[in-house]
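Right, one structure below, let's go through it.
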Amino acid sequence: MTTGLPETITACLFDLDGVLTGTAILHREAWKRTFDEFLRARDGAGFSEFTDHDYAAFVDGRPRADGVREFLRSRGITLPEGEPDDPVDAPTVNGVGNRKNELVLKIIDERGVNPYPGSVRYLEAVKAAGLRIAVVTSSANGAKVLDGGDLSKYVEARVDGIVIREQHLKGKPAPDSFLAGAAALGVEPAHAAVFEDAQSGVQAGKAGGFGYVVGVNRADQAAELRAHGADIVVDDLADLLEDR
């Protein structure tokens, strides 16, 4: 069984939510509830709801605070940054982000983590082929989700929201987090493949000079993924396996 990657690729850098697990749907739900409550409190019953387009354009794939900042900017709203440990009711970028994080953790605890079966098959094939594996996610809950989905056993290195903050890395669409993932594996970007379901993520893979960028089309945005830099777009990682 082959991995469907160029022969020059020796490592795979996987986004987590939406690529390996179905948790992107839970994140989108948590973001919608958080922003709709914020906007309702600010603008009243006639507020303009947070939409799937808003999620894809301003939030998906970005570190939490960046997502808050970018979406609110799109609505002409500016909040003070605050501090990373702001309470969830603080009228700050970090407060709104922490409110979302508290909500998504509750949703994950209630519903669990469900890896995509095709992604598990692909991880097994990649590992059997001797390729290195890292997970690069903007989520600060990377370890919780990997453990919850029984995926940690495949992963050699993890760059998540905590690492991004600690190392002062720029979030996607900047390539910094993927470059850190390649460095953690000791692999040059040209020999690593990036797997992303977010437009900001494939843009980061393209910007980082990675050898192959795989767009995973979970949200009917194949054209947008290609436009942002994907070399190939698949509906499921198992589509890359030649022996299916």
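The first residue in the sequence is number 1, and the count goes up from there.
One finds the CG atom of Leu72 at 8.0 Å from the OG1 atom of Thr78 (value rounded to the nearest 0.5 Å). The CD atom of Glu29 lies 7.5 Å from the CG atom of Leu103; values are rounded to the nearest 0.5 Å. The structure places CD of Glu37 at 9.0 Å from CZ of Phe47, a figure rounded to the nearest 0.5 Å. Here the CG atom belonging to Asn94 is positioned 11.0 Å from the CG atom belonging to Asn101, to the nearest 0.5 angstrom. With rounding to the nearest 0.5 Å, the separation of CG in Leu79 from CZ in Arg73 is 11.5 Å. A distance of 13.0 Å separates CD of Gln203 from CD of Glu224, quoted to the nearest 0.5 Å.
Proximity of Asp36 to Glu49: side-chain heavy atoms (C-beta onward) are separated by under 4.5 Å at one or more points. A 4.5 Å side-chain heavy-atom check between Leu39 and Ile77 finds at least one atom pair inside the cut-off. No side-chain heavy atom of Phe35 sits under 4.5 Å from any side-chain heavy atom of Lys100. Contact of the Ser48 side chain with the Arg75 side chain is registered, since non-hydrogen atoms from C-beta on lie closer than 4.5 Å. Taking the side chain as every heavy atom from C-beta outward, Pro189 and Leu179 approach each other to under 4.5 Å. Looking at heavy atoms from C-beta onward, Leu105 lies in side-chain contact with Lys144 at the 4.5 angstrom threshold.
Under the 4.5 Å side-chain heavy-atom criterion for Ile, Leu, Val, Met, Phe, Trp and Tyr, Leu185 and Val126 are members of distinct hydrophobic clusters. At a threshold of 4.5 Å between side-chain heavy atoms, the hydrophobic network of Ile, Leu, Val, Met, Phe, Trp and Tyr places Phe14 and Phe178 in two separate groups. Using a 4.5 Å cut-off between side-chain heavy atoms of Ile, Leu, Val, Met, Phe, Trp and Tyr, with links allowed through other members, Val194 and Leu240 fall into different hydrophobic clusters. Val68 and Ile107 fall into different hydrophobic clusters, where Ile, Leu, Val, Met, Phe, Trp and Tyr residues are linked whenever their side-chain heavy atoms come under 4.5 Å apart, directly or through other members. Both Val120 and Leu131 belong to a single network of hydrophobic side chains, linked directly or stepwise wherever heavy atoms of I, L, V, M, F, W or Y lie under 4.5 Å apart.
Between Tyr212 and Gly4 the shortest heavy-atom distance is CE2-O, 4.2 Å. The shortest non-hydrogen separation linking Val214 to Val202 is O-CG1, 4.4 Å. When all heavy atoms are compared, the tightest approach of Lys172 to Gly201 is CD-CA, 4.1 Å. Summarising the geometry of Ala56 relative to Gln199, their closest heavy-atom pair is CB-NE2, 4.0 Å, with the distance given to 0.1 Å. Listed here is the closest heavy atom pair of Ala157 and Ala184: CB-CB, 3.8 Å. The two residues Cys12 and Leu5 make their nearest non-hydrogen contact at SG-CD1, 3.7 Å.
Here the side chain of Thr23 pairs no donor or acceptor atom with the backbone of Val113 at under 3.5 angstrom. For the pair Thr92 (side chain) and Gly95 (backbone), a donor-acceptor distance under 3.5 Å is present. Judged by distance alone, with hydrogens and angles left aside, the side-chain atoms of Arg165 form no donor-acceptor pair with the main-chain N or O of Pro84 at under 3.5 Å. Judged purely by atom type and a 3.5 angstrom limit, Asn98 uses its side chain to pair as donor or acceptor with the backbone of Asp86.
Look at Lys106 and Asp109 and you find no salt bridge, because none of the NZ, NE, NH1 or NH2 atoms lies under 4.0 Å from a carboxylate O.
Contacts classified as ring-ring contact (aromatic ring centres under 6.0 Å, His included) and involving residues 76-128 (residues at least two apart or in different chains) are given here: Tyr122-Phe195.
Of the candidates Asp236, Asp235, Asp15, Arg218 forms a salt bridge (charged side-chain N to carboxylate O under 4.0 Å, His left out) with just one, namely Asp236.
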- Would Asp52 and Lys32 count as a side-chain contact (heavy atoms from CB on, under 4.5 Å) if you check the C-alpha gap in whole Å, the side-chain angles of each, and the deciding distance to 0.1 Å? CA-CA 9 Å; Asp52 287 346; Lys32 178 169 177 56; 6.0 Å; no
- Can Leu237 and Val19 be said to form a side-chain contact (heavy atoms from CB on, under 4.5 Å), step by step? CA-CA 8 Å; Leu237 292 189; Val19 172; 4.2 Å; yes
- How far apart are the C-alpha atoms of Tyr55 and His27, what are their side-chain angles, what is the distance that settles it, and do they pass the side-chain contact (heavy atoms from CB on, under 4.5 Å) test? CA-CA 10 Å; Tyr55 179 75; His27 282 278; 4.1 Å; yes
- Message: I'd like to know whether Arg158 forms a side-chain contact (heavy atoms from CB on, under 4.5 Å) with Val163, so could you lay out the CA-CA distance, the side-chain angles of the two residues, the decisive distance to 0.1 Å, and finally the verdict.
- Response: CA-CA 8 Å; Arg158 184 184 76 248; Val163 174; 5.9 Å; no
- For Glu102 and Arg99, what are the C-alpha separation, side-chain angles and deciding distance, and is it a salt bridge (charged side-chain N to carboxylate O under 4.0 Å, His left out)? CA-CA 5 Å; Glu102 181 179 88; Arg99 195 176 319 162; over 6 Å; no
Show the atom names and distances, to 0.1 Å, of all donor-acceptor pairs under 3.5 Å that link a side chain in residues 133-140 to residues at least two apart or in another chain.
residue: Thr137; atom: OG1; partner: Ser139; partner atom: N; Å: 3.1
residue: Ser138; atom: OG; partner: Gly61; partner atom: O; Å: 2.5
residue: Ser139; atom: OG; partner: Asn141; partner atom: N; Å: 2.9

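Other residues, nucleotides and ligands contribute at most 12 non-hydrogen atoms within 6.0 Å of the NZ atom of Lys206. Surrounding CD of Glu188 are at most 12 heavy atoms belonging to other residues, nucleotides or ligands under 6.0 Å away.
The aromatic rings of Phe71 and Phe58 sit tilted relative to each other, their planes meeting at an angle between 30° and 60°.
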